[in-house]
Engineer: 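This is the structure I have questions about; it appears just below.
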Amino acid sequence: MTSLIMRKIGVVGAGTMGQGIAEMLAFNGLEVYVTEYSEEKLAQALLQIEQNLDRQIEKWALTRAEKKLTLNRIHLIHRLEELGDCELIIETITEDLESKKMIFERLDQICKPHVILASNTSTLSLTELASVTAHPQRVIGMHFVYPANRTDLVEIVRGLKTSDETFNRTKHFVEHIIQKKGIMVFESPGFVTTRLICLFINEALHVLEEGVASAEDIDSAMRIGYSFQNGPFEMADRFGLDAILAALERMFREYGELKYRPSIVLKKMVRAGQLGVKSGVGFFHYDKDGDRQ
């Protein structure tokens with residue numbers, strides 16, 4: 001059996017999730033190799049990771065020594081071919097099936113057969129991603145819940161051909177190396193967390209549309225009454241309203257059930273560019289550090 005020890009991890013995509021995953025992996029003592037399609041995006045990603053670490057220092061959640069060690073473990077690379085020596089690669093690019101398939105096809109050619117190829121997708125088919133590879137048994141889903149560095153859950157998603165060895169190695173990595181709880185999920189649009197949380201947010205939007213209560217009061221009801229860390233609207237702002245809309249539209253297409261049809265309010269806000277924390281305004285307003293104003 002292949003060794004369970006994995007120390008060199010590749011991250012393809014340096015958007016919000018890619019940054020969070022890279023930071024979390026490096027903080028846990030792993031050597032992380034991050035790539036993006038442009039040098040500008042790579043440099044911007046590293047700057048944002050550094051700023052996030054600085055915010056944690058300001059809140060006494062991190063020391064300067066820990067920041068330095070974390071940054072020293074993050075290596076920026078400019079070609080997928082440079083990921084050839086990694087033991088696990090996590091793809092975190094935008095939720096576009098064809099783009100992801102191109103990445104997996106190339107990674108399958110670059111990496112040795114024992115290297116695990118994982119996707120952070122929240123809605124797409126792992127079986128379809130694996131179909132473009134010569135080794136579909138080593139393709140698996142690792143869906144980190146946002147924010148990756150603070151949420152101790154990973155959905156480990158099995159495609160039709162994912163092997164037991166790939167699953168067991170991935171679960172060991174999640175639970176013993178990065179110290180998170182891994183739950184096994186069989187492939188289904190939205191898996192568990194995205195499917196349930198998007199329905200929760202969508203229903204809250206319908207309640208708002210009907211004038212039953214304000215966004216602030218709906219959030220307070222769920223946060224105080226049911227011990228949610230954030231109410232549905234602040235949650236949506238932090239996930240990104242465009243990401244919520246894309247997930248709901250995909251699940252609506254896949255399942256064909258009206259409960260997944262996105263609220264018109266959500267569509268209007270995305271069209272207006274009010275995407276939540278990333279744009280500074282969604283249902284609420286946020287400063288440059290992502291804190292509520």
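Throughout, residue positions are numbered sequentially from 1 according to the sequence presented.
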Engineer: Less than 3.5 Å apart, which donor and acceptor atoms pair up between the side chains of residues 242-253 and the rest of the protein, not counting sequence neighbours?
Structural biologist:
{"unit_1": "D242", "atom_1": "OD1", "unit_2": "K278", "atom_2": "NZ", "d": "3.0"}
{"unit_1": "D242", "atom_1": "OD2", "unit_2": "K278", "atom_2": "NZ", "d": "3.3"}

Engineer: Show your working on salt bridge (Lys or Arg N to Asp or Glu O under 4.0 Å) between R7 and D85 and close with a plain yes or no.
Structural biologist: CA-CA 10 Å; R7 307 305 304 172; D85 291 332; over 6 Å; no
Engineer: Assess the side chains of E82 and T35: does a donor N or O sit below 3.5 Å from an acceptor N or O?
Structural biologist: no
Engineer: Just checking, any donor-acceptor pair under 3.5 angstrom between side chains of Y286 and D237?
Structural biologist: yes
Engineer: Return yes if a side-chain donor-acceptor contact under 3.5 Å exists between Q274 and S279, otherwise no.
Structural biologist: no
Engineer: Can you see whether E23 engages N149 through a side-chain donor-acceptor pair at a distance of less than 3.5 angstrom?
Structural biologist: yes
Engineer: Report yes if some heavy atom in the side chain of V154 is under 4.5 Å from a heavy atom in the side chain of V145; otherwise report no.
Structural biologist: no
Engineer: Quick check on the hydrophobic clustering: are M17 and L42 connected, directly or via other members, by side-chain heavy-atom contacts under 4.5 Å?
Structural biologist: yes
Engineer: Is any side-chain heavy atom of R138 less than 4.5 Å from a side-chain heavy atom of H135?
Structural biologist: yes
Engineer: Examine the side chains of H143 and E155 and answer whether a donor and an acceptor come within less than 3.5 Å of each other.
Structural biologist: yes
Engineer: Given L107, which of L80, V139, V115 fulfils the side-chain contact (heavy atoms from CB on, under 4.5 Å) condition?
Structural biologist: L80
Engineer: Classify the angle between the aromatic ring planes of Y146 and F239 as parallel (below 30°), tilted (30 to 60°) or perpendicular (above 60°).
Structural biologist: perpendicular
Engineer: Can you check whether M142 reaches T170 side chain to side chain, under 4.5 Å on heavy atoms?
Structural biologist: yes
Engineer: When you compare the side chains of T133 and E105, does any donor N or O come within less than 3.5 Å of an acceptor on the partner?
Structural biologist: no
Engineer: Taking C-beta and beyond as the side chain, do I90 and I21 meet within less than 4.5 Å on heavy atoms?
Structural biologist: yes
Engineer: Look at the side-chain heavy atoms of Ile, Leu, Val, Met, Phe, Trp and Tyr, link any pair under 4.5 Å apart, and say whether F167 and V157 land in one connected group.
Structural biologist: no
Engineer: Considering only residues two or more places apart or on different chains, which pairs with a residue in residues 186-227 satisfy ring pair (Phe, Tyr, Trp, His ring centres under 6.0 Å)?
Structural biologist: F200-F228
Engineer: Run through I89, L129, I103 and flag the one making a side-chain contact (heavy atoms from CB on, under 4.5 Å) with L117.
Structural biologist: I89
Engineer: Less than 3.5 Å apart, any donor N or O on the side chain of Q137 or T162 sitting next to an acceptor on the other?
Structural biologist: no
Engineer: I'd like to know if L25 and V12 are part of one continuous hydrophobic network [Ile/Leu/Val/Met/Phe/Trp/Tyr, side-chain heavy atoms within less than 4.5 Å].
Structural biologist: no
Engineer: Does the pair D152 and K180 meet the rule for a salt bridge (Lys or Arg N to Asp or Glu O under 4.0 Å), with working shown?
Structural biologist: CA-CA 5 Å; D152 294 329; K180 294 183 182 289; 3.8 Å; yes
Engineer: Which residue pairs satisfy the ring pair (Phe, Tyr, Trp, His ring centres under 6.0 Å) criterion with at least one member in residues 18-67, sequence neighbours excluded?
Structural biologist: Y33-H75
Engineer: State yes or no: do V185 and V174 share one hydrophobic cluster built from I, L, V, M, F, W and Y residues joined by side-chain heavy-atom distances below 4.5 Å, directly or via other members?
Structural biologist: no
